[in-house]
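Read the numbers this way: they start at 1 and go in the same order the structure lists the ligands and their atoms.
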Amino acid sequence: MTSKPPSHDVDESQLEVSAPKQWAAGIPGVMVSLQRGVEQMGVTRTVKTLRLLNQREGFDCPGCAWPEPQGHRRMAEFCENGAKAVAEEATKRRVTREFFKNHSITDLATKSDYWLGQQGRLTEPMVLREGASHYEPIGWDEAFSLVATELNGLASPDEAIFYTSGRTSNEAAFLYQLLVRSFGTNNLPDCSNMCHESSGAALIETTGVGKGSVSLHDITIADLIVVVGQNPGTNHPRMLSALEEAKRNGARIIAVNPLPEAGLMRFKNPQNARGVIGRGTALADEFCQIRIGGDQALFQAIGHLLLTWGKVDREFIDSQTHGFEEYAAHVRALDWKTVEHATGMTREQITRVAGMFVDSQRTIACWAMGLTQHKHAVPTIREITNVMFLRGMIGKPGAGLCPVRGHSNVQGDRTMGINEKAPAKFLDALEAEFGVTVPREHGFDTVNAIRAMRDGRARVFFAVGGNFVSATPDTPVTEAAMRSCGLTVHVSTKLNRSHVVHGRTALILPTLGRTESDLQHSGEQFVTVEDSMSVVHRSQGRLTPASDQLLSEISIVCRLARKVLPDSTIPWEEFEKNYDLIRDRIANVVPGCTDYNARVREPDGFVLPHPPRDSRSFPGTSTGKANFTANELTVLDVPPGHLLLQTMRSHDQYNTTIYGLDDRYRGVKDGRRVILVNPLDIKELGVADGQIVDLVSEWADDPTGVTKRRAESFRVISYPTARGCAASYFPEANALIPLDSTAETSNTPTSKSIVVRMETR
Ligand SMILES: Nc1nc2c(c(=O)[nH]1)N[C@H]1C(S)=C(S)[C@@H](COP(=O)(O)OP(=O)(O)OC[C@H]3O[C@@H](n4cnc5c(=O)[nH]c(N)nc54)[C@H](O)[C@@H]3O)O[C@H]1N2
Ligand SMILES: Nc1nc2c(c(=O)[nH]1)N[C@H]1C(S)=C(S)[C@@H](COP(=O)(O)OP(=O)(O)OC[C@H]3O[C@@H](n4cnc5c(=O)[nH]c(N)nc54)[C@H](O)[C@@H]3O)O[C@H]1N2
Ligand code: SF4
Ligand SMILES: [Mo]
């Protein structure tokens, strides 16, 4: 096996298609994780690294935000995709100054994110000076001075944008927002704006807390688990182990998805005999093949039936909720024809599903991007909370709301204040603790940040992690926005497209990853993270860093702060030397973090408070009760000749990081430019399976007057998706998503519902 990165970019002509799989994981999963590990890290390093993954004394998986079990941990407490995430970071491949000498920026700009990522870890700070053709090395000190000069030369701090992706540790995130706010702006967009922002918005309004209300243990003791708009087999693979345990304890599972995802159907757990040699465990008892965007209608209909049957928890409704009458009046007037049209499901199946809610004393609703990235995402999630409130399914064992988070620390970053609209109470506490004055006007979220750059209202873009230009919508618009900046800066581990679509001057600041040891003045440091179920715990890398020139994200923030804010009285230098000092401050500022240093040192860390979960109380809502809401039903209609396209992840990618070119469970091999279409739609639309088409998106309401967006050369694949609905991979299809097409309230791009047409080439 070789550790040489691919020298060619993706050749889509090699693409092969086979039938979608009926089950997930099993032995192929184990084989792939080992193979990827050895390719990138060699045998010894693979063994050493995987032994520490998700262990108490080791590091938190840089993959998704699924929690680790409390108490006993298995030797291998990770999944195939966790192993891939680690291999990607702990790779032995290196991007050196010679690499940048050999590749001009024009050359690099023609490469795919796959090729760029496969070149290996970044090893030293690099600068692309104004008008230069190549990145060249720059010392750390000079790099920080350059950023400080540019920032302090702006007409207003609001002309700078400070993005965060969700891998940043709590400590780094806390100091980063402190720096940004001390500098004078709330322009703190993050990946959450494109992800679970809709969940946060809906849950804060209805429950008072923008986070999920269940623990991992709750999942295993539930009677009924509804998995809506989520593909756990690929994106949260260890969730399948929890679902398996729940099934063994007698739970039933409803899967709601336009695609029959293998991981929702059957799980072969490689850690037990039944999974290795047997047929594994069947998961979904009921598969609802819903039309894209039909979930709001489905949950309104379930609410309607529960009310009609009188199968509601009167005691909970009377004592703990607000707005019931208005909600009840609204859903009583349900029109079944509209529901059947919106969902593509039969009344009979919806009735059966509602019956399963009635039969269950402990229900959990899980969801992810299939719900959050639509125009009506927030009302859709509010509709789920309505149904759960009707049955009293919150704040008791085995029941509750479970938005399953994406990035491993995206929830922690929010808790630490990475939020363009941080609550006033948080800002008050920050001011009191540090004796600073911070701005109060809301900053730019992701979409507004792009608009500001596009319109010349923002001139400096600084990112801790992520791949902004590939992850965001309307690729040509976003790229032009980035290019219009005076300075773009990326704190990164790996090369990506955001480094090669740059401002007048550009900096790459290479940083330590989760797997690597972090040695500071007071000794080896650890950091802390929060998972999707509000558990805060330690993470400590042990590997020798990819290069001796790397700085931790915390060092980068502290050193930059000293240059940008030379008169600051905040002890940045001390914070860098000893991360305990940062945690002492987190304890004083962040709600629920009292005694932080001691509690994160407990073997399993600690759980942040959550009143609805802990005491069935709702002090955080406007009414002090759980709020029912009456939501106008949205139905996504497409004109004849068009499809509703969702953009999703393959099994071989982590967002814009492409691990490989296969989507094993869906039967796609060696290529990514595909559109999955129902065979009946293929026929009706006059194209053929295997044909290459251009995708054209048409958005009639575009305020900028652009009506057509195009993504070229996608192969049509006949696939059992819901009628009228199609699927392509993100980020290849992002050019089709209009910047201004966003969710109401949360402003999240509508990445899961774009009206497209296939145009024959
Ligand atoms: N290996 C791996 N793990 C990851 C990631 C990764 O890229 N790779 N990304 C991480 C991140 S940041 C996130 S946010 C999560 C994302 O986790 P997911 O939300 O599972 O990711 P997506 O691939 O976007 O899948 C969305 C699912 O919703 C379905 N869907 C689409 N539209 C609708 C709809 O209208 N209704 C319903 N009911 N379903 C719909 C799709 O068919 C698909 O199964 O995963 C995290 N974990
Ligand atoms: N069309 C479409 N667009 C989408 C989505 C979709 O479903 N469809 N999903 C959206 C979602 S849910 C999300 S979360 C966003 C993701 O958006 P981002 O978070 O911006 O993107 P990632 O691809 O996760 O970022 C990858 C880069 O992070 C850097 N990195 C990795 N590890 C570290 C680290 O430890 N430290 C630092 N400093 N850098 C690191 C590497 O350089 C890598 O290239 O994309 C969104 N975009
Ligand atoms: S489920 Fe998520 S966090 Fe757990 S090992 Fe897999 S990728 Fe990592
Ligand atoms: Mo995400």
Side-chain angles (χ1 to χ4, degrees), residues 29 33 50 53-54 60-68 76-86 88-89 113 116-117 121-122 163-169 172 189-197 232 234-242 368-370 372-373 404-410 446 463-475 490-499 508-516 527 529 531-532 541 550 552-553 556 645-649 653-658 728-737 748-752 754:
S33 40
L50 293 183
L53 178 51
N54 286 334
D60 182 58
C61 176
C64 74
W66 189 254
E68 279 77 57
E77 201 57 73
F78 58 87
C79 70
E80 172 190 344
N81 280 343
K84 287 184 199 160
V86 166
E88 187 75 19
E89 180 182 302
D113 269 306
L116 293 170
R121 285 288 298 276
L122 295 159
Y163 178 70
T164 316
S165 168
R167 273 196 192 168
T168 300
S169 67
D190 71 341
C191 69
S192 221
N193 299 142
M194 298 178 269
C195 187
H196 267 295
E197 194 73 60
T234 286
N235 297 313
H236 307 92
R238 280 190 315 151
M239 179 173 169
L240 301 192
S241 313
M369 297 305 100
T372 64
Q373 301 174 332
V404 185
R405 294 277 173 167
H407 265 297
S408 56
N409 199 39
V410 63
T446 293
V464 176
N467 181 4
F468 193 81
V469 299
S470 288
T472 49
D474 235 348
T475 314
H490 286 90
V491 177
S492 312
T493 51
K494 303 287 290 276
L495 197 59
N496 66 42
R497 189 146 177 88
S498 300
H499 303 130
I508 302 176
L509 307 180
T511 192
L512 294 176
R514 283 272 173 84
T515 53
E516 290 162 322
V527 292
V529 291
D531 65 33
S532 195
L550 303 186
S552 73
E553 288 179 351
I556 292 173
L645 177 79
Q646 60 148 319
T647 56
M648 58 182 188
R649 294 151 172 82
Q653 74 183 85
Y654 194 92
N655 298 336
T656 70
T657 299
I658 312 302
S728 285
Y729 299 128
F730 130 66
E732 285 79 357
N734 282 32
L736 299 167
I737 309 166
T748 294
T750 58
S751 308
K752 291 289 187 284
I754 318 157

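If you check which protein heavy atom lies closest to atom 34 (C) of ligand 2, you get Thr493 CG2, 3.6 Å. Of all protein heavy atoms, the one closest to atom 16 (C) of ligand 2 is Asn655 ND2, 3.6 Å. Ranking the protein heavy atoms by distance from atom 6 (C) of ligand 2 puts Phe730 CD2, 3.5 Å first. The protein heavy-atom contact nearest to atom 42 (O) of ligand 2 is Lys494 O, 2.8 Å. If you check which protein heavy atom lies closest to atom 21 (O) of ligand 2, you get Asn467 N, 3.6 Å. Scanning the protein for heavy atoms near atom 13 (C) of ligand 2, the closest one is Arg649 NH2, 4.1 Å. Nearest protein neighbour of atom 25 (O) of ligand 2, counting heavy atoms only, is Gly466 CA, 3.2 Å. Looking at atom 37 (C) of ligand 2, its nearest protein heavy atom turns out to be Glu553 OE2, 3.1 Å.
In this comparison of Cys64, Gly63, Ala65, the heavy atom closest to atom 3 (S) of ligand 3 sits on Cys64. Comparing heavy-atom distances from atom 6 (Fe) of ligand 3 across Pro67, Pro232, Gly406, Cys79 singles out Cys79 as nearest. Around atom 46 (C) of ligand 2, the closest heavy atom drawn from Ser192, Ala471, Gly166, Ala172 belongs to Ala471. The heavy atom nearest to atom 32 (N) of ligand 2, out of those in Gln646, Arg167, Glu89, is found in Arg167.
Taking the six-membered ring for Trp and thresholds of 30 and 60 degrees, Tyr163 and Phe468 have ring planes more than 60 degrees apart, a perpendicular arrangement.
Atoms of ligand 2 lying under 4.0 Å from at least one heavy atom of Val491, given by number and element, are 37 (C), 38 (N), 39 (N). Listed by number with element, the atoms of ligand 3 under 4.0 angstrom from any heavy atom of Cys61 are 3 (S), 5 (S), 7 (S), 8 (Fe). Ligand 3 places these atoms under 4.0 Å from at least one heavy atom of Phe78: 5 (S). Proximity to Gly465 (heavy-atom distance under 4.0 Å) selects the following atoms of ligand 2: 37 (C), 38 (N), 39 (N). Those atoms of ligand 2 with a heavy atom of Asn496 less than 4.0 angstrom away are 27 (C), 42 (O), 43 (C), 44 (O). Listed by atom number, the atoms of ligand 2 under 4.0 Å from Tyr163 heavy atoms are 17 (O), 18 (P), 19 (O), 20 (O). The contact set between ligand 2 and Thr656, taken as ligand atoms under 4.0 Å from a residue heavy atom, comprises 22 (P), 23 (O), 26 (C). Atoms of ligand 2 lying under 4.0 Å from any heavy atom of Cys191, numbered from 1 in the order shown and given with element: 14 (S), 19 (O). Numbered from 1 in the order shown, with element, the atoms of ligand 2 that lie under 4.0 Å from a heavy atom of Asn734 read 1 (N), 2 (C), 3 (N). In summary, the atoms of ligand 2 found under 4.0 Å from a heavy atom of His407, numbered by their order in the structure, are 14 (S), 19 (O), 24 (O). Against a heavy-atom cut-off of under 4.0 Å, Arg238 is close to the following atoms of ligand 3: 1 (S), 4 (Fe), 5 (S).
Between Glu89 and Arg514, no side-chain nitrogen of the basic residue sits less than 4.0 Å from a carboxylate oxygen of the acidic one, so the salt-bridge criterion is not met. Under a 4.0 Å N-O distance rule, the pair Glu88/Lys84 does not qualify as a salt bridge.
Using a 4.0 Å cut-off between heavy atoms, Thr511 contacts ligand 2 through its side chain alone, with no backbone atom that close. At a 4.0 Å heavy-atom cut-off, ligand 3 touches Asn54 through the side chain alone. The side chain of Met369, and not its backbone, has at least one atom closer than 4.0 Å to an atom of ligand 2 (non-hydrogen atoms only; side chain from C-beta on).
Closest non-hydrogen pair, Asn734 versus Ala471, comes out as ND2-O, 3.3 Å. Residues Thr446 and Pro189 approach most closely at N-CB, 3.5 Å, considering heavy atoms.
In terms of polar-atom proximity, His499 is not counted as a contact of ligand 2, lacking any N or O under 3.5 Å from an N or O of the ligand.
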